[in-house]
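The structure appears below as structure tokens.
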Amino acid sequence: AQSVAQPEDQVNVAEGNPLTVKCTYSVSGNPYLFWYVQYPNRGLQFLLKYITGDNLVKGSYGFEAEFNKSQTSFHLKKPSALVSDSALYFCAVRDVSNYQLIWGAGTKLIIKP
Amino acid sequence: DAGVIQSPRHEVTEMGQEVTLRCKPISGHNSLFWYRQTMMRGLELLIYFNNNVPIDDSGMPEDRFSAKMPNASFSTLKIQPSEPRDSAVYFCASSLAQGAGYEQYFGPGTRLTVT
């Protein structure tokens, strides 16, 4: 069965430190992977995606994610966290043969000054 | 582009009343999705349209829910009659195409409270 796991409900990081939000997936075939961010009382906002090519994908607001096929992971990273990065982050995967996105449960990221 | 537009942003209604949520997708996008978000169940896909045609409505909770897309620039999600357990944030999203590599763009959502 296809699935996405975000193992951490919440991640706490001090401002200026690097951050990682974890995502692992299980899907048949080649995965198309996405990260979205949701600020309070807002809709989900697309950050970045992996389709093919370079395993390191760069996205909006200085975020990047690394696709690791052997570990079936697609962790979101940022070298230096900002307080304004505090939000809810969702990982999603779509099988190439399926239009539907499978969503993780979300990880709340808290950046402390 | 103004992005995906949803109305109303907030809706408070009494149990048994009809509720209609509205969505205007991004111009040129031909796929439209309705989602529901709750703390308990997370983000759930309710229904998906491609070129104004409903493709998969298996996520619609029950017959009280219905969705239409009369043209490429407008969709509605109707709940009749509404129940307190329908309280949630409802999102509309659109994407450029049906292909697997296309990201979805979300509207700001409608927060529905049924008392």
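Here the structure is a predicted model, which is why all the values come from computation and not from measurement. Lettering follows sequence order; numbering is per chain, from 1.
- Neither the backbone nor the side chain of A:Tyr50 comes within less than 4.5 Å of any heavy atom of chain B.
- Residues A:Asn41 and B:Arg9 come closest through the heavy atom pair O-NH2, 3.7 Å.
- B:Ile79 is not connected to B:Phe33 by any chain of hydrophobic side-chain contacts under 4.5 Å among Ile, Leu, Val, Met, Phe, Trp and Tyr, and they are in different clusters.
- Shown here for A:Phe46 and B:Glu103, the closest heavy-atom pair between the two residues is CD1-CB, 3.5 Å.
- Contacts of A:Gln38 with chain B are made by side-chain atoms alone, with heavy-atom separations under 4.5 Å and no backbone atom involved.
- Only the side chain of B:Arg111 comes within less than 4.5 Å of a heavy atom in chain A; its backbone stays farther off.
- Applying the 6.0 Å contact sphere to CD of B:Glu14 captures no more than 12 heavy atoms from other residues, nucleotides or ligands.
- In this structure, no portion of B:Gln6 lies under 4.5 Å from any heavy atom of chain A.
- When all heavy atoms of B:Phe106 and A:Leu44 are compared, the closest pair comes out as CB-O, 3.2 Å.
- When hydrophobic clusters are built by joining Ile, Leu, Val, Met, Phe, Trp and Tyr residues whose side-chain heavy atoms come closer than 4.5 Å, directly or via intermediates, B:Phe91 is grouped together with B:Leu45.
- Residue A:Phe90 is grouped with residue B:Val89 when hydrophobic side chains (ILVMFWY) are merged at heavy-atom distances under 4.5 angstrom, including chains of intermediate members.
- With hydrogens and angles disregarded, no donor-acceptor distance shorter than 3.5 Å links the side chain of B:Tyr105 to the backbone of A:Gln45.
- For A:Arg42 (side chain) and B:Gly107 (main-chain N/O), no donor-acceptor pair under 3.5 Å exists by modelled atom type.
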